[in-house]
Every structure is written in structure tokens, then in C-alpha cells.
Amino acid sequence: MAKTTEIAPNVYRISIYAQSGDLQFNHFLVKDDEPLMFHTGLRGMHPEIREAVSKLIHVSDLRHISFSHFESDECGSLNEWLGVAPKADVICSQVSALVSVNDFIGREARALADGDSFSTGKLRFRWCKTPHLPHGWDAGLLFEETQKTLLCSDLFHQTGDVEAITSGDVVGRSCEAMKVYQAGILAEYLPYTPLTAQNLKKLAELQPKTLAVMHGSSFTGDCARALGDLNAMYREGFGRGRKTAMNSGRGKKILHPQ
Ligand SMILES: [Fe+2]
Ligand SMILES: [Fe+2]
């Protein structure tokens with residue numbers, strides 16, 4: 001059963017825990033004059049998520065559906081949502097629209113360039129282009145400028161049925177999850193590219209107050225520092241040399257890099 005928690009004013013985290021993967025799938029509904037959803041969720045979860053959304057808004061009033069990159073947990077049930085919310089537009093990166101989404105939905109998505117913004121009423125969102133972060137050529141993230149909530153997709157990925165929001169060490173938890181994944185078929189979760197540090201720095205400069213995380217707890221606290229620590233963890237775990245921590249069990253070393 002989905003659990004709904006308001007993690008910032010009018011920002012609702014709708015969470016489903018999948019025991020088989022020991023993993024939460026979190027979907028964010030932002031209530032405003034024009035309600036917005038970030039992550040549609042998997043097709044198999046659609047009835048449960050729709051039921052949870054229907055307790056917050058009339059589903060047919062949903063006006064914007066957005067996600068980071070083309071992948072089933074991000075946007076697998078897009079067509080199901082468009083079926084029940086026909087007034088909604090689909091907001092994604094230009095690459096996503098061009099290479100996947102327009103074909104997938106059989107109409108034009110609203111493709112945003114880096115820095116493009118739009119209002120949903122009281123709130124204002126900005127598209128942040130982040131190629132290959134967390135993964136996918138088409139990746140981007142959405143930042144709500146008024147309350148400073150960063151909808152950050154797979155960044156800070158944690159396993160377990162954890163609390164909705166924390167001020168604790170989400171980078172440490174994410175490091176532990178990545179170490180486990182490195183030993184199995186989910187290895188190489190993200191590429192550490194020449195753009196990774198730059199993208200994470202760009203996100204930190206937005207000075208988010210809340211990080212809305214797809215897998216695991218959302219975070220409130222010093223988000224800029226968390227993004228800096230995340231870069232250090234990714235660099236050491238996935239970057240050149242990667243001698244470290246992620247494979248040796250010395251995870252703590254990389255949690256407080258400087
Ligand atoms: Fe992903
Ligand atoms: Fe994901």
C-alpha cells in the first residue's frame with residue numbers, strides 16, 4: 001500500500017516499498033493551481049499510485065507530468081496517466097522528447113532546454129539539464145524555485161523501507177547501497193563523466209532546502225553539502241581509478257571527503 005507524506009508544503013511523497021528489491025519507489029505530487037507529478041512510476045504500480053493521487057487531487061486535474069530520464073520507474077506509466085489526465089502535458093528534456101517520449105506517447109512532449117522555467121500557480125519550476133546524471137543521455141532534474149525543492153530522481157539512491165524524510169547521512173546510506181549494487185547485476189549504476197562534478201555543482205548552487213529522492217528518504221538540511229559529498233562518493237566509486245571504498249568496504253572514508 002502506498003504511503004503518502006508531505007515532505008515540503010504541498011509536495012507529497014507517494015511511496016511504495018517493493019520487498020523483492022528491498023527498495024522504495026517514490027513519486028512526487030505537487031499540489032498547486034496546476035498540479036504536477038514527478039515520476040509516473042512503473043506500469044505495474046499505476047493503480048496504487050493513482051489511488052494515492054486521487055486522495056490529494058482529482059486525478060483528471062493533473063496538468064503536468066515530468067521525470068528525469070526515459071526508464072520504466074521514471075515514466076513507464078505515462079500513457080496510463082495521460083489516459084486518466086488528458087489535460088496533462090509531458091515535461092522532459094529535449095533529448096528525451098526527441099529520442100523516446102514523442103514516439104512513446106504518440107504526441108509532442110513539452111521539451112525543455114536547460115534553465116527553462118514554468119509556473120504552476122504559486123510555485124515555479126526550472127528544468128536543469130544533467131546529461132548522464134544520474135544516468136541516461138537525456139537526464140535532467142526539476143527544481144522548484146519558490147520553496148527550493150530539488151526533485152532529484154535517482155541521486156542519493158538508498159535501499160530499505162526507510163523514513164519519508166531525514167536530516168541524516170543519506171550519502172553514507174547511498175554509498176552502502178552502491179557497494180551492494182556493484183557486486184551484482186545493478187553494477188555501474190551511473191557513469192562518472194567529465195560533466196558529473198559540474199552538474200552536481202550547478203545543483204548545489206541552487207541552494208536546495210529539500211531533496212526529493214526517488215529511492216529512499218528525502219533529505220532536508222545542508223543540501224549543497226550533501227550534493228558535494230555525493231560527488232566525492234560517485235567520483236571515488238565510479239570515476240577513474242576507482243580504487244576505493246565502494247569495492248573494499250571502506251565506505252566511511254568517502255563520506256566526509258574534505
Ligand atoms: Fe534511473
Ligand atoms: Fe529510479
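For ligands, and for the atoms within them, numbers begin at 1 and follow the listed sequence.
Other residues, nucleotides and ligands place no more than 12 heavy atoms under 6.0 Å from the CD atom of E108. More than 12 heavy atoms of other residues, nucleotides or ligands sit less than 6.0 Å from atom NZ of K202.
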- Does the side-chain hydrogen bond (donor to acceptor under 3.5 Å, both in side chains) test come out yes or no for D73 and H39, once each step is laid out? CA-CA 7 Å; D73 59 356; H39 308 148; over 6 Å; no
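Expressed to the nearest 10°, the angle at the Fe ion (ligand 1) joining NE2 in H69 with NE2 in H135 is 90°.
A side chain to side chain contact (heavy atoms under 4.5 Å, CB included) with F70 is found for one member of D138, L78, V99 and no other, namely D138.
Within a radius of less than 2.8 Å around the Fe ion (ligand 2), the protein N, O or S atoms are D73 OD2, D154 OD1, M214 SD, H215 NE2.
By the 6.0 Å and 45° rule, R242 does not stack over the aromatic ring of Y192.
For S15, the side chain to side chain donor-acceptor pair (under 3.5 Å) test picks out N26, with sequence neighbours left out.
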